[in-house]
Amino acid sequence: MSGSRRRFLQQVSAAGLAWGTGRGVAQMVMPMPAVGADEKPRVMLHSLELTPFVDALPMPERVTPVGPHALRVVMREIHAKVHRDVPATRMWSYGSTPVGPLIEGRSGRAMRVEWVNSLPQKHFLPVDYSLHGCGRELPEVRAVAHLHGARVPTKDDGYPDDWFAPGQSRTCHYPLEQESATLWYHDHAMGLNRLNIYAGLQGMMLLRDEREDSLGLPSGKYEIPLVLYDRNFSVDGQLYYPTSGIPGHPWVPEFDGDAILINGKIRPYVEVEPRLYRLRVLNGANSRFFALSMEKGLAFWQVGSDQGLLSGPVKVGHLNLAPAERADLLIDFSGAAGENVHLKNGGLEILQFRVGRPARTAGGKSEADSLLPAKFPAAFRPMVRTDETSATVTRTITLDEALNGRGDSMLMVLNRKRWMEPVTEKPRLNSTEVWEFVNLTEDTHPIHLHLVRFQVLDRRTFDVFAYQNAKGLRYLAEAMKLEANEMGWKDTVQCPPGMITRIITKFEGYTGKYLYHCHILEHESNDMMRPFEVVAEA
Ligand code: C2O
Ligand code: CU
Ligand code: CU
């Protein structure tokens with residue numbers, strides 16, 4: 001945790017909010033008043049005091065667009081129960097449930113989606129009018145959907161300024177000329193998307209292709225989407241988004257919510273058969289990182305990352321997912337028949353799997369003898385590592401944080417430039433570039449590029465002090481080797497503090513204006529987001 005973040009949390013506690021970090025702690029903490037958007041004191045819910053595993057994991061509605069018609073997705077206000085013992089919560093959604101519909105797509109088959117803004121005229125979370133692109137002269141509620149991970153022409157990519165107000169709609173064309181992957185649609189409206197996504201504007205799209213089909217991975221009810229995120233609630237079940245307490249500037253640099261939700265429920269359960277499952281996991285939180293593991297010696301077999309399949313299954317005991325990262329996992333429950341096993345985030349059980357008894361076949365043998373990795377080909381797809389010498393340009397991009405006199409974080413930027421400054425990154429179409437992110441802050445930033453998929457090259461520790469004092473770049477160690485589950489195609493990369501993280505990417509697809517940004521939504525909105533423009537080939 002950075003110094004500024006620690007100070008921020010202290011401020012928050014001083015303002016009367018208490019943050020449970022473990023069961024023991026939370027039980028000692030009494031509900032305390034906090035200040036909501038309406039600036040009235042609220043009493044906060046402590047989710048660890050709720051009985052866990054009483055709600056079934058919701059499965060988002062699956063929609064498969066067919067024919068030439070556009071799929072119609074309506075943003076609206078809904079009320080939904082996040083837990084059996086919590087009153088219904090006001091949220092915004094792309095559908096009738098807390099997480100929007102699961103859209104199924106096919107590689108190479110274009111899709112049209114009509115995004116309809118039927119949200120109310122007023123926001124119910126604390127809008128910060130002082131942020132860039134967020135002035136009082138604009139409609140208070142603005143939305144624009146972005147299909148994260150998709151290669152889309154710029155006019156349909158959900159550029160932050162392309163928002164539209166309640167009563168309006170936009171039809172977007174998605175070519176989907178790319179390989180199978182776990183995509184994510186979410187709001188991207190300038191200055192508001194951290195609030196809009198917190199309110200609930202997100203959903204998953206699964207893009208499939210023939211290579212994936214040929215692997216025979218678990219499908220249908222054996223493939224479970226898991227959208228993970230965190231929220232704060234008041235005891236009456238309403239969403240609470242923390243504010244800084246600074247008059248006129250409610251923006252906070254980041255926070256961990258008290259409750260962890262999966263597909264809309266706090267600590268749900270799911271009944272599974274003692275066999276192999278495929279879990280499509282997305283970190284859809286504003287700023288929380290998840291540290292996932294399974295109990296009882298169960299392991300994940302990771303088969304895919306942000307941009308689709310890895311070259312083969314990778315056994316993973318602990319999985320660290322930053323905001324916007326996705327993991328495609330297999331879990332074999334055949335050894336846990338009749339037991340309850342939990343998915344954990346750190347030490348906390350966040351999802352209970354109730355594993356049934358094996359169905360007996362005529363021969364008296366269990367049919368669920370799915371053994372990994374023997375059942376699957378060792379190689380899913382050739383993963384050709386992009387040759388570094390193919391890069392024609394190397395761009396050095398610093399990650400910076402500005403503090404005020406008290407050491408509070410006021411602003412995060414890329415390359416010491418703000419969003420509205422002129423474009424400085426202009427890669428040529430079909431050229432390959434190396435981007436190195438020089439992290440001068442004390443936080444890990446998950447950096448995401450629109451349009452492209454990339455490979456992570458390496459991470460290397462360097463002397464931050466020397467760098468900041470114009471003494472040049474001094475590496476402190478050899479480059480770190482990547483884990484096997486980071487060797488696939490990505491669109492979001494964790495950039496740890498004190499390190500230079502390098503990626504390599506080919507700017508394929510379209511010319512035009514795109515953007516890259518930190519996917520901690522609070523950072524992105526103030527102002528860790530920059531445009532880049534793909535220009536025509538020489
Ligand atoms: Cu998840 Cu700019 O995107
Ligand atoms: Cu994106
Ligand atoms: Cu960041």
Side-chain angles (χ1 to χ4, degrees), residues 1-2 5 8-9 12 19-21 45 47-48 57-58 60 82-83 89 91-94 98-100 125 146 148-149 182-188 192-204 225-233 239-242 251-268 279-293 305-306 318-327 329 343-346 348-351 412 443-448 491-495 517-526 528-529:
M1 189 188 297
S2 74
R5 183 168 172 188
F8 163 69
L9 290 174
V12 167
W19 303 80
T21 51
L45 178 83
S47 65
L48 293 179
L57 175 75
V82 294
H83 185 276
T89 304
M91 308 173 191
W92 291 356
S93 173
Y94 287 108
V99 168
L125 294 172
H146 164 62
H148 179 126
T182 311
L183 307 180
W184 177 33
Y185 59 94
H186 64 72
D187 187 70
H188 222 309
L192 278 186
N193 65 332
R194 74 194 188 294
L195 304 178
N196 290 351
I197 295 174
Y198 194 82
L201 290 180
Q202 61 169 320
M204 203 184 261
L226 297 177
V227 181
L228 272 50
Y229 52 101
D230 58 348
R231 297 290 183 266
N232 296 306
F233 296 96
L239 284 172
Y240 171 75
Y241 184 96
W251 177 83
V252 294
E254 66 233 337
F255 62 93
D256 278 350
D258 162 79
I260 291 177
L261 291 89
I262 308 183
N263 298 356
K265 293 284 185 192
I266 299 174
R267 303 176 80 195
L279 308 179
R280 310 297 294 263
V281 185
L282 156 70
N283 181 345
N286 281 40
S287 50
R288 178 189 282 270
F289 288 61
F290 285 95
L292 303 175
S293 63
S305 55
D306 306 340
H318 291 266
L319 184 68
N320 210 313
L321 273 193
E325 283 189 307
R326 288 89 76 204
L329 305 173
L343 171 68
K344 301 210 309 184
N345 174 47
L348 181 72
E349 298 155 349
I350 58 171
L351 173 62
M412 318 259 174
D443 289 316
T444 296
H445 301 275
I447 301 290
H448 166 54
D491 57 43
T492 305
V493 62
Q494 294 188 28
C495 299
H517 58 87
C518 177
H519 224 294
I520 291 178
L521 299 178
E522 286 66 33
H523 294 184
E524 173 192 333
S525 60
N526 188 27
M528 213 170 200
M529 177 164 84

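Note that this is a predicted model, so its numbers are computed, not measured.
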I'd like to know if the side chain of [X] reaches the main chain of [Y], judged simply by a donor and an acceptor atom lying under 3.5 Å from each other, with no hydrogens or angles considered.
X: Arg288; Y: Gly257; result: yes
X: Gln202; Y: Gly284; result: yes
X: Asn263; Y: Pro58; result: yes

For this session: Check each of His517, His148, His146 against His188 using the side-chain hydrogen bond (donor to acceptor under 3.5 Å, both in side chains) test, and report the only one that passes.
Result: His517

How far does [atom1] of [X] sit from [atom2] of [Y], to the nearest 0.5 angstrom?
X: Leu321; Y: Ser305; atom1: CG; atom2: OG; result: 10.5 Å
X: Leu226; Y: Leu57; atom1: CG; atom2: CG; result: 6.0 Å
X: Arg267; Y: Lys265; atom1: CZ; atom2: NZ; result: 15.0 Å
X: Ile262; Y: Asp230; atom1: CD1; atom2: CG; result: 11.5 Å
X: Asn345; Y: Phe290; atom1: CG; atom2: CZ; result: 5.5 Å
X: Asp491; Y: Glu325; atom1: CG; atom2: CD; result: 9.0 Å

For this session: Check the pair His448, Trp184 against ring pair (Phe, Tyr, Trp, His ring centres under 6.0 Å), reporting the backbone distance first and the verdict last.
Result: CA-CA 13 Å; His448 166 54; Trp184 177 33; 8.5 Å; no

Looking at every non-hydrogen atom in both residues, tell me the closest pair between [X] and [Y] and how far apart they are.
X: Leu45; Y: Asp258; result: O-OD2, 3.3 Å
X: Ala327; Y: Leu319; result: CB-CD2, 3.6 Å
X: Asp256; Y: Asn232; result: O-OD1, 4.2 Å
X: Pro98; Y: Gly264; result: CB-CA, 3.8 Å

Can you confirm whether [X] sits close enough to [Y] that some side-chain heavy atom of one is under 4.5 Å from a side-chain heavy atom of the other?
X: Pro446; Y: Cys495; value: no
X: Pro60; Y: Pro225; value: yes
X: Phe289; Y: Asn320; value: yes
X: Arg231; Y: Asn286; value: yes
X: Asn283; Y: His519; value: no
X: Val99; Y: Met204; value: no

For this session: Given side-chain contact (heavy atoms from CB on, under 4.5 Å), test Asn196 with Arg194 step by step and report yes or no.
Result: CA-CA 6 Å; Asn196 290 351; Arg194 74 194 188 294; over 6 Å; no

For this session: Return the orientation label for the His523 and His445 ring planes: parallel under 30°, perpendicular over 60°, tilted otherwise.
Result: tilted

Exercise. Passes side-chain hydrogen bond (donor to acceptor under 3.5 Å, both in side chains), Glu522 versus Trp251? Steps please.
Worked result: CA-CA 8 Å; Glu522 286 66 33; Trp251 177 83; over 6 Å; no

Problem set entry | By side-chain contact (heavy atoms from CB on, under 4.5 Å) - contacts of Ala199 (at least two apart) | Trp92, Phe124, Leu125

Problem set entry | Full working for side-chain contact (heavy atoms from CB on, under 4.5 Å) between Leu329 and Leu292 | CA-CA 12 Å; Leu329 305 173; Leu292 303 175; 5.7 Å; no

For this session: Just do the side-chain contact (heavy atoms from CB on, under 4.5 Å) check on Phe233 and Ile266 with the steps written out, would you?
Result: CA-CA 11 Å; Phe233 296 96; Ile266 299 174; 4.0 Å; yes

For this session: Could you check Leu201 against Tyr94 for side-chain contact (heavy atoms from CB on, under 4.5 Å), going step by step and ending with a plain yes or no?
Result: CA-CA 6 Å; Leu201 290 180; Tyr94 287 108; 3.6 Å; yes

For this session: Starting from the C-alpha separation in whole Å, work towards a yes-or-no answer on side-chain hydrogen bond (donor to acceptor under 3.5 Å, both in side chains) for His186 and Asn193.
Result: CA-CA 8 Å; His186 64 72; Asn193 65 332; 5.1 Å; no

Problem set entry | Tyr229 and Tyr198: CA distance, side-chain angles, deciding distance, ring pair (Phe, Tyr, Trp, His ring centres under 6.0 Å) verdict | CA-CA 9 Å; Tyr229 52 101; Tyr198 194 82; 8.9 Å; no

